[in-house]
J.: 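Below: one structure in structure tokens.
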Amino acid sequence: MALSELYTEYNRVWIPDAEHVWRSAEILRDFHVGDNVLELLLEDGTHHYPVDPSNTRLPPLRNPDILVGENDLTALSYLHEPAVLHNLKVRFVESRIIYTYCGIILVAVNPYKQLPIYGDAIIHAYSGQNMGDMDPHIFAVAEEAYKQMARNHKNQSIIVSGESGAGKTVSARYTMRYFAVVSKSGSKTKVEDKVLASNPITEAIGNAKTTRNDNSSRFGKYTEISFDKKYQIIGANMRTYLLEKSRVVFQADYERNYHIFYQMCSCAHLPEFKNLRLCDADNFQYTSMGGDITIEGVDDKKDMEETLRTFSLLGLNKDFQSDVFKVLAAILHLGNVEIRNSGDDKSSVPPSDPHLAVFCELLGVRAEGLVRWLCHRRIVLVAETVVKPVPKERAVNARDALAKQIYAHLFDCIINRINTALQAPGKQHAFIGVLDIYGFETFDINSFEQFCINYANEKLQQQFNLHVFKLEQEEYMKEDIPWTLIDFYDNQPVIDLIEAKMGILDLLDEECLFPQGTDQSWLQKLYSYLDANHLFEKPRLSSQAFVVQHFADKVEYQCKGFLEKNRDTLYEELVDILRDSKVIKGRILLQLLFFGYTVDSLWTPYLWKMLHAFRSSLSLLMETLNATTPHYVRCIKPNDEKLPFEYDSRRVVQQLRACGVLETIRISAQSYPSRWTYIEFYSRYSILMSHQEADLNDKKQTCKNVLQRLIQDTNQYKFGRTKIFFRAGQVAYLEKLRLDRLREACITIQKHVRGWSQRRKYLCMREAAIILQQYIRGKRTIRAAALKQGWAAVMIQRHWRGYRVRQVYQLVRLASITIQAFTRGWMARKQYRKMLKEHKALVLQKYCRAWLARRRFQTMRRLVLNVQLSYRVQQLRKKIEEQNNTEILREDHEKEMEILKEEIKRLKEERIGLNRKLEEVDQMNSDLQEQVIQLTKHIKIIPELRRDLSSLQNQRNNVDRKMKQHQSFLSLYRHFEEKAEELEEVKRELQSQVEELEEENDHLKRLQQIESEAKSKLRQETSRLTAENMDFEEQLDQKDRLIKKLQTQIKSLETSQKGTDTSASAVPKDYLGMLEYKREDEPRLIQNIILDLKPKGVVVNVIPGLPAYILFMCVRHADYLNDEAKLKSLMNAIIGGVKNVITSHHKDLNLLSFWLSNMYLLLNSLKQYSGEEEFMKQSTPRQKKNCLRNFDLSEHRQILSDLAIHIYHRFITVMEKTLTPTIVPGMLEHESLQGISSMKPTGFRKRSNSIYEDLDTYTISSIIQQLSDFHSTMTQHGMEQGLIRQAVKQLFFLVGAITFNNIMLRKDMCSCRKGMQIRCNISYLEEWLKLKDLQGSNAIDTLKPLSQTAWLLQVNKSTDDDAKEISEKCTELNPVQIVKILNSYTPIDDFEKRVTSSFVRKVQSLLQDREGSTHLMLDTGYRFQVTFPFCPSSQALELLQVPSSLRLDFLTKI
């Protein structure tokens, strides 16, 4: 398909723009050949782009959005300037990615911000990876160079170029740091540290602040890092080019001199700098010209400390450092020497100038001679020599020339000493050179330095073009594509213009030979000799300049100063003064300043030609680069304000044109720039295949069939061996077809979904309409009858309402009557209850009053009767005395006697009753006495006696009341009184007894207290005696055990003696679980059971822990014999033997697993049989009986534990090395969910992993199979489950960490579909844990960062709620990682949306308070702490049989 046919509606193009260089526009109407106008839609309205029909030059097409942001610019379908510019902008501004491949070039955009992408974890992640496997990075270029050096045995070069401030120095520093980390030699010389330490020194003496860069390298540097045959760093060597000497004596506004001067001035107060007489930098002319002596964010004092530290690290002694600082201080003081104008073209220096004195003191020169020859010149004529004074201007120039030469030679001297310090005694096998050199420069005023820089860049560009052309040709030949000559820009004519005979350099050298030669005369020669060259121009508005058409741009050079700078003249008289210096002769400062020269020949070449020397060193550099394999890093400065992640398209495109990136694009675009593997094409465009084409098994042939059907013009593509080559625009056309097919599929799906939705809506509306019709028709039917029924309804309602009202009235009436009835009844009952209550009160009062009246009457009657009785008794007594003989009186007396007898009888009966009661009282008294007896036993009965006494008192009161009723019978009354007194006495006696009992009770309490105290003392004494008794018993037991042990030893010795005398056929009946061996058989035991034992033996497979049991049984026997020397020797031999096996087979997984299991079992056996209670809880009685008796092996247990830990870590390392190659392909690259992934082109840097291979691919099944093999090995060797869980947890952490780190470093893995893939693979790993019953290992928790990453790739990323959800759920990820994932998120299809910068900033604001790590990568070398939990063994040692296959016949069971 022709390129012009792609200018169709909705496609987008780039049109030139003054502000943004290029601007995007959308095509409104298809363009046809012959049209004069291309209609475009801009953001501000339509635009007509004129087209010349005779020369159809259409604006460049814009790539589909799906291809924007690719890692490699060569993956773009349309390769041109706006595509490159836009792709870099998207990656830099939106994705915050500073590195991008452009074929063989790494484009590095300076972010002006520290990024967390240069740590050791990143270095190890890139180590061993192919260049296309990870995201672009400076470490990837360094790894590629290192790998090619090791694989091809050829020297390599990394060429880092760019403008000042583009980041060249930092990039070169990171490459050297990468080599220092990945090629650690482990030697004591610390060569790697020395190589890195050279950077602070070279930056201090060779870098300065410019208007474009705070740390600009003002010299070119080529560092050769030497490697030995093992490809470990053994040394380094630096070569420098074109130091900017003029900066020593002159700086433009807002610029500084070299850093070292300001570092020294900041430390002027230190003792070691006191003798230099330094002060603040703004007091020296050479350091204050720019006006700004400080750099924001830079501490010169700390930098000076770092410089001094690196001086010492490189082995440069204090004397050397002191001499360096003296020379530097002398230069500063020389700049402050005042030269005055004395008139008549004369000049002078005041002899009292303090800075002149300090300069002469520091360098040991004579002030008179220096002053004389600064202000005079010696002119040698034919017949005489004339001394002529010079004006002030020439004297100042002489002073500055001296300062420049001293600094230049000091710089070379320091570099030479650094090279000496970096030399190693080993032989260099190969080297990698890192070239940190200035890029193409063009300023408003360009002079000699810019000419040299651009000349060097012309040479480098030529070498770069030839290399790119060569690689392009090799690619075509490799793929069997017919090679056609590609027209590429050759800058040889520009180089010839500069360095050919009668070229610019030749004419400059010729003019320098003339003493009267001037810049203007040289310029006129250039005009006359080079006027015919189309690359050389004369400016129209200037007669002091010339223009050279370089490969990057036209540059106008001002001729002023060319001859002077090229001559680099230093006068003989000043050299003689330095030669006569006592300090120079004494301290050999000449050798310090001018290495490589003798004292006599040092100052003979007073006239150096700078361009000649620079040309020679440049030729040597080009020879070195041509002899190596080059790798290119182009550093880009995104803006002049040094703002972080700000992109100025005009500045960037200027640098892209100058550094050769666009030339690479142009060379690639001329042929077949887009190159896809067949697997990539098949995966991406399978949607364009028919069913017949997709059913073919040969994917390569399927791709050919599809492509031939889609693109009829076979010249637009070529089929290679492994790739398909496309011309520019064809991939975009295929993307358009794919997008159209997807759009058609989406339209079809939308059509059916919308039809189904509309049909559902129609059916609902139809059903609703039918229901409405039913109601309307029903209403029409009943409308006629409604009027007739209306009156009837009203009548019915009237009667019904009347009926209802009557019903309500009757109901209310009935309710009212009922309420009244109940109310009246309640009131009547209330009145009745009141009357009844009053009546009862009257009755009670009546009876109460009657009772009271009767009581008063009976009382009165009783008194009257008593009185009558008394009276009658007195009368009777009188009658008895007076009428003894009277019968009548006798009869009356008899009658009265009978009455009295009856009364006495009655009183006797009462007496009997009282006697009975007295008996009861006696009985109660006896009971009380018994109770008193019991009270002596039970003191608590006293309250009951008191109650009995109170009851007796009550009875006595009752008796008293009864006796008072018979006061008329005085004798009986007195009798009863006596009884009462007796009872009173009894009571007093009882009370006295109670008091005695209480006293006795108190006495008993005191006795009881005394007894308890005695008992406590007795118990204390008893416990003391018991403890002493136990001590005695323990001593007795110890003596008994000692006696038994001695008896046992005697018996064993007797048994062994008998065994030697009797035949060996006598077999003991009961074994003790011990193995006896002779001391001299110990090496055989270790050899057979440890060194020669194979883990795959039949016997070992049956009982995996057999070696551990056999060794422990031997240990038990040594303990049984109480032979300390034998026991220690055996334990040391066991530990040493296992160490030797592990050391010699440190990569054997089976052997490591076997001995880890056995060491763990031996450790548990030593614990189980140690006799310690905590380890004997689950032991059998026989095992408890067989405990170790004589020795404490806790120290040996600790040594065995350390050995087991070492074996465990070695075992984990071997498993990790085996598992690591499968992780990235299995977890990330393989499609475990078929059909959801879609590959994208990767450009020139093709990935080497299995993702693009049909055979030998690693999948998630490979990882699970490898884990199953590890688990089977550990289980087979009897490893304890707790240890297996720890190993599995460590392996799962490795899987998660490596997968996560690759996602962080691979932008192509940050997509929604890849997130689905990762979550699916995690579920497979979780299922494996369940299958192996390893959920308790918490291994799945180590995959939380990876799981949350997969979730983050799948979740919506657009609204505020999405940002909040991300900040809440991604708890295992730190803010740096979350932002990196969001910035790297890459849509696979046009239907997906990119993450906007505003959303990323929103997430950052939510995460700004989160604390934790700020590292981007997870530490794959992290190890969880291993523990060895105690697990007792149920194995009965006495039942173990030693197989004959182990060749241990010298062991004897005891």
Side-chain angles (χ1 to χ4, degrees), residues 99 104 106 108 117-131 133-134 136-161 167-203 217 221-240 310 313-314 415 418-419 421-437 624-625 627-633 635 1305 1417:
Y99 293 113
I104 64 171
L106 175 69
I117 58 174
Y118 300 105
D120 288 347
I122 308 289
I123 292 178
H124 293 305
Y126 276 91
S127 178
Q129 300 291 333
N130 289 308
M131 197 165 181
D133 292 347
M134 312 288 280
H137 202 287
I138 188 67
F139 292 159
V141 177
E143 172 61 24
E144 183 71 11
Y146 186 77
K147 188 183 299 181
Q148 287 193 21
M149 177 190 67
R151 182 173 59 238
N152 302 331
H153 307 287
K154 186 177 180 181
N155 299 327
Q156 308 289 311
S157 290
I158 299 177
I159 303 172
V160 184
S161 64
K168 303 186 301 297
T169 302
V170 175
S171 296
R173 188 190 308 158
Y174 281 134
T175 57
M176 289 190 285
R177 178 167 169 261
Y178 182 86
F179 297 136
V181 172
V182 300
S183 62
K184 281 288 186 183
S185 60
S187 64
K188 297 181 179 179
T189 58
K190 298 182 179 179
V191 179
E192 302 87 353
D193 296 337
K194 290 184 178 181
V195 172
L196 295 179
S198 64
N199 288 322
I201 298 178
T202 56
E203 289 182 13
S217 297
K221 180 176 66 174
Y222 184 72
T223 305
E224 289 185 2
I225 303 174
S226 303
F227 297 85
D228 58 12
K229 291 185 178 180
K230 295 181 179 179
Y231 301 104
Q232 296 175 343
I233 294 179
I234 60 172
N237 183 68
M238 281 190 293
R239 282 184 279 172
T240 59
T310 51
L313 183 60
L314 289 171
I415 296 299
I418 291 175
N419 288 336
L422 295 179
Q423 294 299 320
K427 183 179 179 181
Q428 174 181 296
H429 176 69
F431 72 83
I432 297 178
V434 180
L435 177 62
D436 175 8
I437 198 165
T624 303
L625 294 180
T628 61
T629 301
H631 306 267
Y632 298 95
V633 179
C635 298
L1305 299 177
M1417 311 282 285

J.: Applying side chain to side chain contact (heavy atoms under 4.5 Å, CB included) between Y178 and each of I138, V141, I123, I122, report the one that passes.
T.: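 It is I123; the other options fail the test.
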J.: Side chains of E143 and Q129, heavy atoms from C-beta outward: is any pair under 4.5 Å?
T.: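 When only atoms from C-beta onward are counted, Q129 and E143 do not touch, as no gap falls below 4.5 Å.
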J.: Do L625 and S157 touch side chain to side chain, with heavy atoms closer than 4.5 Å?
T.: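 Yes. Closest side-chain heavy atoms under 4.5 Å.
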J.: Between K221 and V160, is there a side-chain heavy-atom distance shorter than 4.5 Å?
T.: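 Contact flag for V160/K221 side chains = no.
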J.: For the residue pair A421 and L314, what are the closest heavy atoms and their distance?
T.: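 The answer is CB-O, 3.0 Å.
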J.: Please tell me if the side chains of F139 and L1305 come closer than 4.5 Å, counting only heavy atoms from C-beta onward.
T.: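 Counting from C-beta outward, F139 and L1305 never come under 4.5 Å.
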J.: Any chance you could measure I234, atom CD1, to D228, atom CG, to the nearest 0.5 Å?
T.: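 Output value for this atom pair is 5.5 Å.
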J.: I want to check something: taking the side chain as every heavy atom from C-beta on, are H631 and I104 in contact at a cut-off of under 4.5 Å?
T.: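 When only atoms from C-beta onward are counted, I104 and H631 do not touch, as no gap falls below 4.5 Å.
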J.: Could you tell me which non-hydrogen atom of I418 sits nearest to which non-hydrogen atom of S198, and how far apart they are?
T.: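 Nearest heavy atoms, I418 then S198: CG2-CB, 3.9 Å.
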J.: Can you name the ring pair (Phe, Tyr, Trp, His ring centres under 6.0 Å) partners of Y126, sequence neighbours left out?
T.: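 For Y126, the residues satisfying ring pair (Phe, Tyr, Trp, His ring centres under 6.0 Å) (neighbours in sequence not counted) are H137.
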J.: State which residues pass ring pair (Phe, Tyr, Trp, His ring centres under 6.0 Å) with Y222; sequence neighbours excluded, sorted by chain then number.
T.: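 Here no residue qualifies.
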J.: With rounding to the nearest 0.5 angstrom, report the CE to CG distance, M176 to D436.
T.: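 Spacing of CE (M176) from CG (D436) equals 8.0 Å.
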J.: Looking at T624, I415, T223, which one forms a side chain to side chain contact (heavy atoms under 4.5 Å, CB included) with R239?
T.: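 When side chain to side chain contact (heavy atoms under 4.5 Å, CB included) is applied between R239 and each of T624, I415, T223, only T624 qualifies.
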J.: Can you sort out the partners of H153 under ring pair (Phe, Tyr, Trp, His ring centres under 6.0 Å), two or more places apart, ordered by chain and number?
T.: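 H153 satisfies ring pair (Phe, Tyr, Trp, His ring centres under 6.0 Å) with no other residue.
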J.: Do you know the tightest heavy-atom contact between A197 and L313?
T.: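 Closest pair (atom of A197, atom of L313, distance): CB-CD2, 3.5 Å.
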J.: Could you measure the distance from the OH atom of Y118 to the CZ atom of R173? Nearest 0.5 Å is fine.
T.: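 These two atoms lie 11.0 Å from each other.
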J.: Calculate, to the nearest 0.5 Å, the distance between atoms CZ and CD belonging to F179 and Q156 respectively.
T.: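 The CZ atom of F179 sits 8.5 Å away from the CD atom of Q156.
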J.: Hey, is the main chain of M238 close enough, under 3.5 Å, to the side chain of N419 for a donor-acceptor pair?
T.: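 Yes, because the side chain of N419 sits within donor-acceptor range (under 3.5 Å) of the backbone of M238.
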J.: Between Y146 (side chain only) and Y231 (backbone N and O only), is there a donor and an acceptor less than 3.5 Å apart?
T.: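 At least one qualifying donor-acceptor pair exists.
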J.: What I'd like to find out is whether the side chain of M1417 reaches to under 4.5 Å of the side chain of H124, using heavy atoms alone.
T.: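 A side-chain contact under 4.5 Å is absent here.
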J.: Please answer whether the main-chain N or O of F431 pairs with a side-chain N or O of N155 as donor and acceptor at a distance below 3.5 Å.
T.: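 Present.
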J.: What distance do S161 atom OG and K168 atom NZ have between them, rounded to the nearest 0.5 Å?
T.: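 These two atoms lie 8.0 Å from each other.
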